[in-house]
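Remarks on the structure that follows.
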Amino acid sequence: MKKLIKSFKNNHTSIIIPLYNEETRLDYCFDIIKKFLKKNQKFFFEIIFINDGSDDQSQSTIRKFINKNKKEFFNAKIKLISYKKNLGKGYAIKRGIFASQSKWILTCDVDMSVLPEQYIIWKRKKLIKDKNCAYIASRSHKNSKIKSKFVRRKLGGILKLILFNFFNLKISDTQCGFKVFHSCYIKKIFNKIKCYDYAFDVETMLLLNNNNIKIIELPVTWVHRSGSKVHLIKDSAKFFLDLLILKKRLLK
């Protein structure tokens, strides 16, 4: 028992999952989480769902999942933060980060395009070790395995050029939702975040750079999941506008 308690203290991680109107994709997410927890019983996880003002049945679906499984997993505590107004993914992640109680914090998308097992793979390969670094999944990494549509890959390349020219940001993939931070700096970073919509990932990377937090891009296995609410053309235009606003604010 003492060994188990010591292992939990050394391997305590918060997993933050933001969502908005995702009732149709939650069952798949739940299945992945249950398999993940059963497979990794020497780790302890604080799983925080952030319901960002959903007007479907997402909130009640998550509550049912928590109530049904709260006694099944001794190596996890599953929580739900919910509020009525949709404020954006950046705000949802901020709420999750400030509610987290672990040293290491993982953010991932509810569609599980990157499985949480990727985090364990990184840990076992000793790729995550320095608390003064941020570790982000990069779909552009030479060792990544990606299953996505051609148009998405092209848009990713265009975004990379924009970020370099706008902000001199030399990161190949800011937008993948799978990121690992340490509690020693991330609450300070997110306290300064002002972008809560599409550009919040970019602002996060810029703030990490400005605070001398090294950003390390790691290989990932990523699969496009159907059911996304992102409209490639309309939302790409909105993202570009958000980047212009961010650029203007940084020039002041």
Side-chain angles (χ1 to χ4, degrees), residues 8-22 26 29 33 36-37 43-54 58-59 61-63 65-66 70 73 75-112 114 116 119 122-123 128 130-137 174-216 242 246 249-250:
F8 278 175
K9 287 182 178 179
N10 294 331
N11 297 296
H12 196 301
T13 302
S14 294
I15 301 178
I16 296 171
I17 307 174
L19 62 117
Y20 172 68
N21 287 350
E22 292 286 3
L26 280 170
C29 175
I33 287 173
F36 174 71
L37 293 177
F43 291 83
F44 185 86
F45 298 96
E46 176 188 48
I47 299 174
I48 308 175
F49 288 96
I50 315 295
N51 176 35
D52 183 30
S54 298
S58 292
Q59 179 174 322
T61 302
I62 296 170
R63 287 199 187 282
F65 171 71
I66 293 173
K70 60 184 176 182
F73 302 109
N75 61 327
K77 185 172 184 180
I78 306 174
K79 304 177 181 179
L80 170 64
I81 295 174
S82 190
Y83 42 89
K84 292 183 178 180
K85 188 176 180 180
N86 177 239
L87 297 172
K89 184 179 179 181
Y91 179 81
I93 290 179
K94 181 177 181 176
R95 283 288 299 268
I97 284 173
F98 276 90
S100 66
Q101 298 180 349
S102 307
K103 290 184 178 180
W104 289 105
I105 300 168
L106 165 66
T107 66
C108 65
D109 294 332
V110 71
D111 66 355
M112 298 285 141
V114 180
Y119 172 72
W122 288 349
K123 291 279 282 186
I128 297 175
D130 189 339
K131 68 178 184 179
N132 294 309
C133 294
Y135 303 88
I136 67 174
T174 60
Q175 300 311 112
C176 185
F178 202 86
K179 297 180 173 72
V180 180
F181 307 111
H182 196 276
S183 61
C184 70
Y185 63 79
I186 196 58
K187 292 181 182 180
K188 175 183 175 183
I189 295 297
F190 265 80
N191 197 42
K192 298 177 181 179
I193 290 284
K194 294 183 179 180
C195 295
Y196 290 149
D197 213 333
Y198 295 99
F200 92 90
D201 284 299
V202 176
E203 185 177 20
T204 302
M205 297 300 107
L206 292 170
L207 287 169
L208 289 169
N209 277 339
N210 291 342
N211 285 270
N212 298 314
I213 303 299
K214 186 177 181 180
I215 301 168
I216 299 176
D242 286 349
L246 176 59
R249 174 156 58 83
L250 293 176

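Using a 4.5 Å cut-off on side-chain heavy atoms (C-beta onward), N132 and C184 make contact. Contact annotation: the side chain of L246 approaches that of L206 to within less than 4.5 Å [non-hydrogen atoms, C-beta and beyond]. A heavy-atom distance below 4.5 Å is found between the side chains of Q175 and V202. The side-chain heavy atoms of V114 and C176, taken from C-beta on, include a pair separated by under 4.5 Å. Counting only heavy atoms from C-beta outward, the side chains of I193 and I93 never approach each other to under 4.5 Å. Side chains of K192 and N211 form a contact here, defined as non-hydrogen atoms less than 4.5 Å apart. Annotation: side chain of E203 is in contact with side chain of K194 (closest heavy-atom distance under 4.5 Å).
The two atoms that bring I136 and W122 nearest to each other are C-CH2, 4.2 Å, heavy atoms only. Closest of all the heavy-atom pairs between K94 and F190 is CE-O, 3.2 Å. Of all heavy-atom pairs spanning S100 and I105, the tightest one is OG-CD1, 3.2 Å. Contact detail for T13 and S102: the closest heavy-atom pair is C-OG, 3.3 Å. Scanning both residues, A134 and I213, for their nearest heavy atoms gives N-CG2, 3.8 Å. Between F49 and C29 the shortest heavy-atom distance is CE2-SG, 4.0 Å.
How far CZ of F65 is from CD1 of I47: 7.0 Å, rounded to the nearest 0.5 Å. The distance from the CG atom of D111 to the CD1 atom of I17 is 10.5 Å, given to the nearest 0.5 Å. Interatomic distance, F200 CZ to M205 CE, rounded to the nearest 0.5 Å: 8.5 Å. Note that OG1 of T61 and CG of L26 are 6.0 Å apart. Values are rounded to the nearest 0.5 Å. Taken from CG in N51 to CG in N21, the straight-line distance is 8.0 Å, to the nearest 0.5 Å. In this structure, CD1 on I48 lies 11.0 Å from CG on L106, to the nearest 0.5 angstrom.
A donor-acceptor contact shorter than 3.5 Å is absent between the side chain of T107 and the backbone of I16. A donor-acceptor pair is defined here as one N or O able to donate and one able to accept, closer than 3.5 Å; such a pair exists between the side chain of E46 and the backbone of Q101. No donor-acceptor pair closer than 3.5 Å links the side chain of D52 to the backbone N or O of N86. Checking side-chain atoms of Y185 against main-chain N and O of C133 turns up a donor-acceptor pair under 3.5 Å. Formation of a donor-acceptor pair under 3.5 Å by the Y135 side chain with backbone atoms of D130 is found in this model. In terms of modelled atom types and a separation under 3.5 Å, the side chain of N75 and the main chain of L37 share a donor-acceptor contact.
For K214, the NZ atom is loosely surrounded, since the number of other residues' heavy atoms within 6.0 Å does not exceed 12. The local environment of NZ in K79 is crowded, with over 12 non-hydrogen atoms from other residues, nucleotides or ligands closer than 6.0 Å.
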Can you check side-chain contact (heavy atoms from CB on, under 4.5 Å) on K179 and T204, steps first, answer last? CA-CA 11 Å; K179 297 180 173 72; T204 302; 5.9 Å; no

Verdict with supporting geometry, C195 and D242, side-chain contact (heavy atoms from CB on, under 4.5 Å): CA-CA 8 Å; C195 295; D242 286 349; over 6 Å; no

Please step through side-chain contact (heavy atoms from CB on, under 4.5 Å) for the pair Y119 and C108, ending with a clear verdict. CA-CA 10 Å; Y119 172 72; C108 65; over 6 Å; no

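For F45 and F36, the distance between ring centers is under 6.0 angstrom.
Classification of the Y83-Y91 ring pair by plane angle, with boundaries at 30° and 60°, yields perpendicular. Using the six-membered ring where Trp is involved, H182 and W104 have ring planes that are perpendicular, over 60° apart on the 30 and 60° scheme.
Under a 4.0 Å N-O distance rule, the pair K89/D109 qualifies as a salt bridge.
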